[in-house]
Every structure is written in C-alpha cells, then in structure tokens.
Amino acid sequence: MPFPVPEKPTVDGLEATWTARWDDQDTYRFNRDTRREDVFSIDTPPPTVSGELHIGHVFSYTQGDVIARFWRMRGKNVFYPLGWDDNGVPTERRVENYYGVRCDPSLPYDPHFTPPESPDERHKLSIGRRNFVELCEELTKIDERAFKHLFRTLGQSVDWSTEYTTVGGFARGVSQKAFLHMLERGDVYLRVAPTLWDVDFRMAVSQAELEDREQPSAYHRIAFPRVGAEGTIEVDTTRPELLASCVAVVAHPEDPRFAHLFGTFVRTPLYSVDVPVVAHELADPEKGTGAAMICTFGDTTDVTWWRELNLPTRTLIGRDGRFLPADFTSAEFSSQDPGSAQRHYAALEGRNVKQARSATVEALKIEGNLIGEPREITHPVKFYERGERPLEIVASRQWFVRTLEHREELLARGDELRWVPDFMRHRYRSWVEGLNTDWNISRQRYFGVPFPVWYPIDEAGEVDFDSPLTASHDLLPVDPSSDTPAGYDESQRDQPGGFMGDPDIMDTWATSSLSPQIAGRWGTDLFERVFPMDLRLQAHEIIRTWLFATVVRSHLEFDSLPFKNALISGWILDPNRKKMSKSKGNVVTPLPLIENHGADAVRYWAASGRPGTDTAIDEGQMKIGRRLTIKMLNASKFVLGRLDAHEELSASDVTAPMDRDLLALLGELITETTASFEQYDYARVLERAESLFWSFCDNYVELVKARAYGEGEDRDTKSARATLSLALSVFQRLFAPIQPFVTEEVWSWWHDNSIHLSAWPTLAELGPLPERPGSIYQPVCDALAVVRGEKSTAKLSQRAIVTSMVVSAPSEIAEALRA
RNA sequence: GGGCGCUUAGCUCAGUUGGCUAGAGCAGCUGAUUUACACUCAGCAGGUCGGGGGUUCGAGUCCCUCAGCGCCCACCA
C-alpha cells in the first residue's frame with residue numbers, strides 16, 4: 001500500500017496552510033528550560049516599522065532564518081526572537097505626514113482629539129505631546145501588523161511569544177535601567193557642547209548618523225585689514241555668512257607667509273571685530289590662501305580649533321537654522337564700529353543660511369572686501385542621513401556615552417568577534433579608529449524612551465544640571481514629564497525650589513543597542529540562557545551604528561561581547577545593480593514577489609546570495625527556486641507513490657553497487673553541507689544539495705524506474721526502494737532550512753512530526769558506505785549522456801530502444817548499466 | 001588621503017589548501033511529446049578567467065603593478 005500522496009500537488013497555498021499549522025503546534029517555541037550549551041541564540045535587528053516594507057528585509061532575515069532552522073534540526077534549542085523598532089524620528093516623521101500633524105509640546109492634551117480626515121501637507125495641525133504620542137502608537141500598531149504578516153508569509157521561524165517593541169514598557173525599562181547603570185559607573189555624562197544639529201528636525205545628531213553629500217558651493221576670498229599695521233590677510237571661505245561669528249584667523253605654524261603675523265590682529269570686514277591671527281597644524285597651507293577664518297561654528301574643524309586654542313564663542317545660528325539677534329555693542333563682539341556692524345547684521349537677522357549668504361556677499365562687494373568673484377566648487381558637506389539641509393553646529397546640552405576613552409578596548413572587542421565574511425571587520429575597525437566625539441544619545445524629540453532623570457531648581461529658579469535626581473530602579477520605566485522624583489510633588493514642577501524633568505528622549509540606537517537585553521529579558525532566568533548571543537544578524541550599513549553601539553553597551557555593562565559571531569548581509573540592488581532608494585523610486589516591495597513566485601522561491605533567491613555580498617533582485621533566480629520546489633513535490637510524489645507504507649526499509653537493504661554508490665555520494669553531500677552550514681555558508685549548501693538532487697531526479701530515478709517498478713521480492717528491487725526512500729528523506733531534510741514550506745508539505749505525506757523538528761541528516765543513518773563515492777554513479781551518468789547524445793543527434797525519442805551498445809567498463813559499472 | 005571588496009560564457013554567479021581538457025543556472029539554438037513533473041526532458045553552441053609582469057614542472061587560484069566599478073573611513077576653510 002503506497003503512501004497517500006496528492007494527485008496534483010501544488011506549491012500554491014503552502015504558506016497559509018503551514019504558517020497556521022506551525023502556530024497551532026508551537027513548532028518554533030523556545031524551551032526556556034534548557035542549559036545554555038543546548039541553546040543557539042540569535043540577535044536579530046528589530047525592523048524599523050515606519051520605514052518601507054523592503055525586499056532587503058526578506059534577504060537578510062531569510063539568511064538568518066536558514067541558519068536558525070539548521071541549528072534547530074541539529075538539536076539546538078533555538079532562540080530566534082523578533083521585535084519592532086517603532087520609536088524615534090522615523091515614526092514621528094511618518095505620523096506627521098500620515099495624519100498631517102505636528103507636535104507642539106506647549107499645547108495641552110485633548111482627550112477628544114481625532115486626526116484630520118484629509119491631512120494637509122502644507123499646514124500641519126499642531127497638537128500636544130500626548131496626543132502626538134498616541135498617534136505614533138496607533139500608526140506603529142498598523143505598521144507592525146503589515147511587517148508581521150510579511151515575516152510570517154516568508155516562513156520566519158520566529159517564536160512570536162518573544163515579540164517586543166522598542167517603545168514598549170519592557171524595552172523602556174531596560175533602556176532606563178542600562179542608562180542609570182552607565183550614570184552610576186560614570187560611563188555617561190551631561191554636557192553643553194557644540195553639537196551637530198539638524199535645523200529641520202531641530203535635534204542633535206550623532207557621528208554615526210552623518211553622511212557626506214557633494215554640494216555645490218563657492219570659495220569667497222575675503223580681505224581682512226590688519227590692526228595697527230598696513231596690509232590685509234586674505235582668507236578663502238565657503239561660508240561668508242558666518243563672518244560675524246569669526247573669532248580668529250588661522251594658519252599653519254610653519255607657514256613662512258604667516259609666521260610674522262601670529263599674535264597680531266585683523267579686523268573683520270562689515271563687523272569691525274578684532275580677531276587674533278593664530279597658528280594650528282590643522283591649517284592646510286595648500287588650501288585656499290593658507291589662512292582660514294575660524295567661526296563658531298562653521299564645521300567640525302572650527303570646533304577643534306575653538307576648543308584647542310581656547311577661543312571665545314560668537315553664536316549666530318539658532319536651532320531653527322535662522323540667524324539670531326546679536327548686539328554688536330556687547331562684550332561678546334566688542335565691535336570697533338557697532339553702528340555699522342548692526343546695520344550690516346540687520347540684513348541677516350531672522351534669515352536662513354542661504355539668504356544670509358547672498359546678503360553678506362552683496363555687502364562685501366559694496367564694501368570692497370571681496371577679492372575677485374566667488375569661485376564655484378563642489379565639496380562634501382555633512383548631512384543628517386535623513387535630513388534635507390546641511391547640518392549646523394549648535395551649542396546644546398546633551399547626554400554623551402564615553403566611547404573615546406574606551407577606543408582600544410572596543411577595537412579589541414572587534415578583533416575578538418568572528419565576522420562573516422571576515423573582511424567586514426575592517427569596517428568596524430576604521431569606524432572605531434575614526435571616532436572623534438563621544439556618543440551623543442539624547443534627541444530633542446517626543447516619541448521614544450525618556451531619560452529617567454529630573455533636575456533640581458534652586459530658589460533663584462536656576463536649574464542644577466550637575467546633580468540629576470534619578471529614578472529608583474524598581475519604578476522603571478518612568479516618564480519624567482509626568483512622574484515626579486522622590487521627595488517632590490507635581491506642584492513643584494518647573495518651579496523655584498522644585499524640579500524639571502529631562503525633556504529629551506534617547507537616540508533610537510541607545511535602545512536598539514540593547515536588543516540582546518530586551519529580547520533576552522534581562523533580569524530574568526532567560527537571559528543567562530541566551531547571553532552572550534551565538535549570532536548577530538544584520539546588514540553592513542549599520543555596522544557603525546547598531547553593531548558598534550551594541551558592542552559598546554555590552555562591553556560597559558557586562559565586560560563581554562554581546563554575541564560571538566556576526567553574519568553580515570549585503571545590500572539588495574535593483575535589477576540594474578543600482579542601490580535602491582525611495583528618492584529613485586526603485587524600491588521593490590516584497591509581498592507581490594512572494595505572491596508571484598512563492599515564499600520558498602523567494603527564499604531560494606535570498607539564500608543564493610553569499611554573506612556580505614550585494615545582490616541584485618533577480619526574478620529569474622526566483623523562478624529557478626520555484627522549479628526546485630515543484631521538483632521536490634513531484635519527485636516526492638513519485639517516490640512515495642512507489643513505496644509501501646508498511647514496508648520497513650533500512651540502509652542494510654541497500655545492496656546494489658549503484659545504490660550503495662549513490663548513498664556514498666549522499667554521505668559526502670551531508671558532510672559537506674553540514675560543514676558549510678556551520679561556517680554560515682548557506683549558499684554553498686544550496687548549490688551542492690541542488691546539484692545532486694537534480695542529478696538524482698534526472699539520472700538515478702530514471703535508471704532505477706525499471707527496478708522500482710518490480711513487484712517481486714527481488715533483492716535489487718528492494719535495494720532500489722530502500723535507496724529511493726533514504727535519499728528522498730535526506731534531500732527533503734537538506735532543503736528544509738531553505739525551503740521550509742514545500743519540504744514540510746512533502747514530509748507530511750509520510751511523517752507525523754514536523755520536518756523542522758526532525759534531525760538533520762547524518763552519515764550514520766546511511767550505514768557503512770563504500771569508498772570512492774561516485775566511482776560507479778558517475779561513469780553510469782556519463783554513459784547515459786553518451787546514449788542520450790546519440791539519440792538526440794539521431795533526432796530520436798529518448799524512449800527509443802537501444803538495440804545494441806558496446807561498453808567497456810569494469811564489471812560493477814557494466815552491471816549497473818545493464819539495468 | 002587611508003582602507004575593503006569586486007572584475008571568470010550574452011546575463012547571474014561557483015571555482016575550498018596552485019594540479020587532468022575552466023563549471024552551473026538563465027538566455028540562445030536543435031530535438032523529444034505527455035504512466036512524478038511542459039513550472040518537463042535530452043542535446044548543442046558559447047570563455048586567450050580585466051591588462052601587464054613575476055614565482056612555479058604547473059597559475060582563474062600565490063606575489064608585484066596598472067585600470068575600471070562599488071563601498072567604508074577621514075579635520076571637508
């Protein structure tokens with residue numbers, strides 16, 4: 001009696017069927033009651049739900065899921081959690097656009113608020129902070145549903161009972177606890193410092209969030225008259241509008257053109273402020289005139305000069321990117337001609353950078369201080385990666401994590417980590433070597449994890465930022481804007497003698513860098529069983545952010561790496577090998593691809609991309625993946641239809657030399673694929689397994705048809721059946737991590753358990769194997785090819801009967817051919 | 001400026017420590033025709049392995065050098 005197989009097996013609908021079944025049977029449930037050494041834990045990136053559903057998700061998470069499924073079959077208790085990154089700027093931006101609103105923290109809460117029916121992009125409705133946060137929560141819930149649907153349809157073997165969100169209560173508590181630990185250890189400090197600032201988002205930006213963009217600009221040569229001497233010093237600048245914030249002119253200490261000028265003064269044009277000529281080796285004699293003006297602040301070099309040369313501060317640009325009011329009679333400027341300075345500055349005040357620049361250039365031309373015409377150039381300018389205008393540098397109060405003083409230890413952590421592929425370690429190293437500021441973790445935004453601190457206000461109304469009041473650990477998470485510090489009550493908020501809550505939220509990386517602590521439920525018994533994680537899974541563009549930040553937090557908190565291995569995936573390029581981006585409009589959404597080709601086919605494509613290698617979207621590859629799934633269905637149907645469900649077959653029934661040789665090849669394949677998987681080389685597993693499987697179908701199965709049809713108890717017949725059964729079982733399991741749906745389907749035709757909980761194939765189940773795998777199988781296939789070639793040349797059917805054929809070969813091979 | 005990666009058939013890519021005549025899939029061409037599979041099967045054709053030099057009995061593979069593409073990092077006046 002054959003196994004019951006469907007008459008017309010199909011790949012369509014497998015996703016829905018098996019996703020539901022896996023839910024019912026808790027197939028991927030992590031068993032909390034295991035020893036650490038039996039666990040394989042994976043640290044997965046919480047996807048930013050307010051971003052696009054992106055084919056990149058499919059690519060990198062599939063590669064991780066394949067690894068998770070392999071280790072699960074190897075008998076590990078696999079911890080494969082997933083959370084959603086829903087806090088921070090991307091969510092706020094999305095809410096603003098989606099509902100047409102803007103957060104104004106000064107507005108009160110409106111409990112009856114409903115978002116506008118039709119959002120007006122241009123005139124956004126101002127709403128209070130709490131209403132705004134409610135909209136954020138509402139929208140992220142919708143987004144999370146869409147993401148979860150994608151991940152499930154894709155066959156991610158996630159234990160959904162571990163699902164978390166980075167703005168959820170537990171994650172907030174973990175973030176605040178970890179922050180307070182850093183504060184107690186002195187790993188974090190609050191400081192007013194010049195900070196890179198996005199004038200549209202009106203928030204500070206960390207070094208990790210910067211990107212350079214080539215921008216058109218122009219050199220303007222400005223003549224500064226010397227004070228108390230004849231002549232001028234000429235300076236090239238791309239930011240003439242900052243002239244009023246000039247605090248010095250700098251040149252290289254060994255530059256002979258300026259050696260006699262150091263210590264003298266020059267007078268700024270238009271504003272008549274006397275500034276010193278100073279020396280610093282960062283001044284490049286090759287650039288411009290060799291002398292540069294130092295402004296507070298035009299770029300990060302200005303910050304270095306200002307700090308190292310102890311220069312004064314003349315702040316002009318406000319948090320909104322517009323020029324602030326300035327008093328040129330004040331000591332800050334001590335202009336030699338305040339009236340004229342004030343008149344010139346009137347053209348700048350309240351204007352943005354672009355407007356101020358043209359006004360300044362006009363004035364300089366009129367006053368005769370501009371030498372020649374501006375010379376147009378393009379040069380790299382720092383932007384916030386999500387921003388639209390160049391960053392300014394604004395002095396503001398921020399929380400910083402000490403990273404610079406741990407540079408050497410952090411480099412050593414990078415060396416200690418195993419990177420797949422190995423060369424990705426260079427990216428980490430060059431990032432850590434290039435760090436130039438501590439990690440700024442505070443953001444002047446609303447939807448995120450607040451800092452669990454308040455500041456006392458003295459009787460005079462001055463805030464004491466040096467003695468923050470911290471929340472008690474057992475009360476976390478807290479919201480300092482509505483909770484009160486111990487010993488105070490709400491009536492004292494923002495009052496002399498009272499307190500103020502820290503107004504900021506944490507940078508999104510300050511939370512997601514705790515993903516092992518959040519997913520592993522830091523503080524519970526689970527954490528000891530999963531930490532440090534065995535594997536971190538992520539794409540290469542967030543090495544400097546997520547990976548670096550996670551290493552920092554783990555190093556400071558636990559003095560260890562957060563994970564032992566890092567599997568770094570490449571980027572997805574569009575079919576023309578261009579990087580996908582929203583602005584180019586070439587972003588591919590994954591669900592239609594899954595619907596067209598099937599999840600297993602899309603996974604096949606993802607698993608054929610090697611770790612770290614950028615891979616183009618290739619629907620052709622998905623079609624090949626689909627062919628493989630269909631082949632698996634049909635081959636399984638054929639083999640199982642020939643077997644007797646009641647017949648016990650084992651490796652010892654495999655007696656024919658040809659059959660034993662096939663098993664030897666299978667054994668070789670098992671050894672190789674197992675080793676490859678252990679090295680995270682899932683792509684090689686796929687390539688090798690696929691190659692032998694296809695040969696098995698086209699050659700072996702065709703060859704043994706005659707024997708397999710045999711009804712009798714002939715030994716060779718039984719040998720063929722045993723081989724078919726064993727080989728099918730092995731192939732189904734080899735493909736299970738990569739194509740979980742079809743393999744589960746075909747496995748279910750002859751097994752009760754899930755293939756994903758069955759054992760990864762081993763050599764032992766094949767019995768004693770002959771040496772020299774392929775020594776019979778391969779010549780037979782070659783001979784077959786010759787025969788087929790002859791038939792093809794003769795334009796005959798492959799079914800044509802060969803009447804005579806002379807083969808000279810060793811007897812065993814000849815024997816196999818005779819069949 | 002420093003660093004990393006890539007460059008093999010028309011396309012997408014394998015090629016593990018140097019070793020028979022350089023592989024696969026797709027596309028192309030020629031056939032087969034339906035008792036597992038037309039989302040099939042068989043066959044054919046297609047490459048001076050980016051250029052140059054070197055080491056070696058032997059180099060796609062190791063070394064040097066040049067070029068192109070992509071990326072990472074950098075104090076970018």
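In what follows, every chain begins at residue 1, and chains take the letters A, B, ... in the order their sequences are listed.
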Worksheet item: Which comes earlier along RNA chain B counting from the 5' end, the contact point of A/M293 or that of A/D12, where each point is its nearest nucleotide?
Response: A/D12
Worksheet entry | side chain to side chain donor-acceptor pair (under 3.5 Å) partner of A/W306, chosen from A/T313, A/T296, A/T301 | A/T313
Item to complete: May I ask you to say what A/G288 touches in the nucleic acid, namely base, sugar-phosphate or nothing, with a heavy-atom cut-off under 4.0 Å?
Response: nothing
Worksheet item: What distance, rounded to whole Å, do you find between the two C1' atoms, one in B/C13 and one in B/G5?
Response: 16 Å
Worksheet item: For A/T403 and A/W439, which heavy atoms make the closest approach, and how far apart are they?
Response: OG1-N, 3.7 Å
Item to complete: May I have the distance from A/R642 (atom CZ) to B/U35 (atom P), rounded to whole angstrom?
Response: 11 Å
Worksheet item: Just checking A/R610: base, sugar-phosphate only, or nothing, at a heavy-atom cut-off of under 4.0 Å?
Response: sugar-phosphate
Item to complete: Please measure how far the C1' atom in B/G10 lies from the corresponding atom in B/C72, and state the result in whole Å.
Response: 32 Å
Worksheet entry | Quiz item: A/E702 side-chain donor-acceptor pair to B/A36 base, under 3.5 Å | yes
Item to complete: Using the C1' atoms only, state how far B/C4 lies from B/A77, rounded to an integer number of Å.
Response: 30 Å
Worksheet entry | Complementary nucleotide for B/C69 - Watson-Crick or wobble, under 3.5 Å | B/G5
Worksheet item: Would one find a side-chain N or O of A/W694 under 4.0 angstrom from OP1 or OP2 of B/C41?
Response: yes
Worksheet item: In whole angstrom, what separates A/K623's NZ from B/U40's P?
Response: 12 Å
Discussion item. Show, in sequence, the C-alpha distance, side-chain angles and deciding distance for A/E690 and A/R627, and conclude whether the salt bridge (Lys or Arg N to Asp or Glu O under 4.0 Å) test is met.
Written reply: CA-CA 11 Å; A/E690 188 184 13; A/R627 291 203 325 150; over 6 Å; no
Worksheet item: A/E687 side chain: which of B/C26, B/A14, B/C39 is closest?
Response: B/A14
Worksheet item: What does A/T304 touch in the nucleic acid at a heavy-atom separation under 4.0 angstrom: a base, only the sugar-phosphate, or nothing?
Response: nothing
Discussion item. Is the phosphate of B/U40 approached by A/N634 (side-chain N or O, under 4.0 Å from OP1 or OP2)?
Written reply: no
Discussion item. So if I take every side-chain heavy atom of A/R684 and compare against B/C75, B/C4, B/U16, which nucleotide ends up nearest?
Written reply: B/U16
Fill in: Nearest-neighbour nucleotide for the A/D618 side chain, B/A77, B/U12, B/C73 considered
B/U12
Discussion item. As a test of reading the structure: which of B/A77, B/A36, B/G5 is closest to the side chain of A/F423, going by heavy atoms?
Written reply: B/G5
Worksheet item: Considering only side-chain heavy atoms of A/K631, which listed nucleotide, B/C72, B/A77, B/C41, is closest?
Response: B/C41
Practice prompt. Give A/D302 one of three labels, base, sugar-phosphate or nothing, depending on what nucleic acid heavy atoms sit under 4.0 Å from its own.
Written response: nothing
Worksheet item: Which is true for A/I624 with a 4.0 Å heavy-atom rule: it touches a base, it touches only sugar-phosphate, or it touches nothing?
Response: sugar-phosphate
Discussion item. Does A/C697 reach a base, just sugar-phosphate, or nothing at all? Heavy atoms under 4.0 Å.
Written reply: base
Discussion item. Keeping A/D600 on the side-chain end and A/V742 on the backbone end, is there a donor-acceptor pair under 3.5 Å?
Written reply: yes
Worksheet item: Can you find a side chain N or O atom of A/H426 that sits less than 4.0 Å from OP1 or OP2 on B/G5?
Response: no
Worksheet item: In whole angstroms, how far is the C1' atom of B/C73 from the CG atom of A/L411?
Response: 13 Å
Fill in: A/Q207 vs A/W305, nearer the 5' end of RNA chain B by closest nucleotide
A/Q207
Fill in: Phosphate OP1/OP2 of B/C26: any A/R627 side-chain N/O under 4.0 Å
yes
Worksheet item: How are the rings of A/F3 and A/W750 set to each other: parallel, tilted or perpendicular (split at 30° and 60°)?
Response: perpendicular
Worksheet item: Looking for any heavy atom pair under 4.0 Å, which part of the strands does A/R427 touch: base, sugar-phosphate only, or nothing?
Response: sugar-phosphate
Item to complete: For B/G52 and B/G43, measure between their P atoms and round to the nearest Å.
Response: 36 Å
Practice prompt. May I ask you to verify if any side-chain N or O of A/R544 is less than 4.0 angstrom from the OP1 or OP2 atom of B/C73?
Written response: yes
Worksheet item: Which nucleotide in the set B/C75, B/A36, B/A77 lies at the smallest distance from any side-chain heavy atom of A/T238?
Response: B/A77
Worksheet item: Looking for any heavy atom pair under 4.0 Å, which part of the strands does A/A683 touch: base, sugar-phosphate only, or nothing?
Response: nothing
Worksheet item: Which part of the nucleic acid does A/D698 contact within heavy-atom distance under 4.0 Å: base, sugar-phosphate only, or nothing?
Response: sugar-phosphate
Discussion item. Please determine whether a side-chain nitrogen or oxygen atom of A/K287 lies at a distance below 4.0 Å from atom OP1 or OP2 of B/C75.
Written reply: no
Practice prompt. Between B/C69 and B/A22, how far apart are the C1' atoms? Round to whole Å, please.
Written response: 24 Å
Worksheet, complete the sentence: Between A/Q621 and A/S608, the two heavy atoms sitting closest are NE2-OG, 3.3 Å
Discussion item. Cation-pi check for A/W546 against A/R536: NZ or CZ below 6.0 Å from the six-membered ring centre and within 45 degrees of the axis, yes or no?
Written reply: yes
